[in-house]
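Numbering starts at 1 and runs along the sequence shown.
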Amino acid sequence: MPKFGSIKRKELIYYLRQLGFIGPYSGRKHQFMVKEGLRVRIPNPHRGDIGRNLLKRIHREAGIDKVDWEAL
């Protein structure tokens, strides 16, 4: 179960796949993942982890609530 907090990009992609998203696919500026017509942008690789605020925005965009995330 992933705790809601900082996470590595690879882990984010892994957990989104567990929730039914496929990808990542190449986009213009960012990669994205898709689930039933829903498109979620994935941050570009960078040195540090993905912080709580960015993870919260990704969850909002993907329609994932904190309870579903921590139930993985």
Side-chain angles (χ1 to χ4, degrees):
M1 287 195 237
K3 184 178 175 185
F4 185 81
S6 297
I7 189 169
K8 295 188 181 308
R9 183 177 186 273
K10 283 186 176 185
E11 293 173 346
L12 172 66
I13 291 170
Y14 172 79
Y15 291 127
L16 287 175
R17 284 183 180 153
Q18 296 298 313
L19 290 168
F21 285 86
I22 56 173
Y25 300 106
S26 295
R28 289 183 166 205
K29 294 183 179 181
H30 295 278
Q31 291 183 331
F32 63 93
M33 296 182 78
V34 180
K35 177 183 176 183
E36 301 171 2
L38 182 64
R39 186 174 169 165
V40 177
R41 287 178 289 160
I42 304 297
N44 292 326
H46 49 49
R47 294 182 192 171
D49 292 345
I50 296 167
R52 291 178 58 95
N53 291 334
L54 181 55
L55 184 60
K56 185 176 180 179
R57 285 186 279 176
I58 292 169
H59 282 187
R60 192 176 315 129
E61 189 176 324
I64 302 168
D65 62 1
K66 190 175 175 182
V67 175
D68 291 339
W69 180 258
E70 292 181 345
L72 288 176

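For Glu61, the salt bridge (Lys or Arg N to Asp or Glu O under 4.0 Å) criterion is met by Arg41, not counting sequence neighbours. Under the ring-ring contact (aromatic ring centres under 6.0 Å, His included) criterion, His59 pairs with Phe4, Trp69, not counting sequence neighbours.
Of all heavy-atom pairs between Ser6 and Gly51, the closest is OG-CA, 4.1 Å. Smallest separation of non-hydrogen atoms from Gly5 and Leu55: O-CD2, 3.2 Å.
To the nearest 0.5 Å, atom CD1 of residue Ile58 and atom CD1 of residue Ile42 are 6.0 Å apart. To the nearest 0.5 Å, the span separating CG on Asp49 from CG on Leu54 amounts to 11.5 Å. Considering CZ of Arg52 and CD1 of Ile7, their distance stands at 12.0 Å, rounded to 0.5 Å.
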All N/O donor-acceptor pairs, side-chain side in residues 18-39, below 3.5 Å, sequence neighbours left out:
residue: His30; atom: ND1; partner: Asn44; partner atom: ND2; Å: 3.4
residue: Gln31; atom: OE1; partner: Arg9; partner atom: NH2; Å: 2.4
residue: Lys35; atom: NZ; partner: Leu19; partner atom: O; Å: 2.9

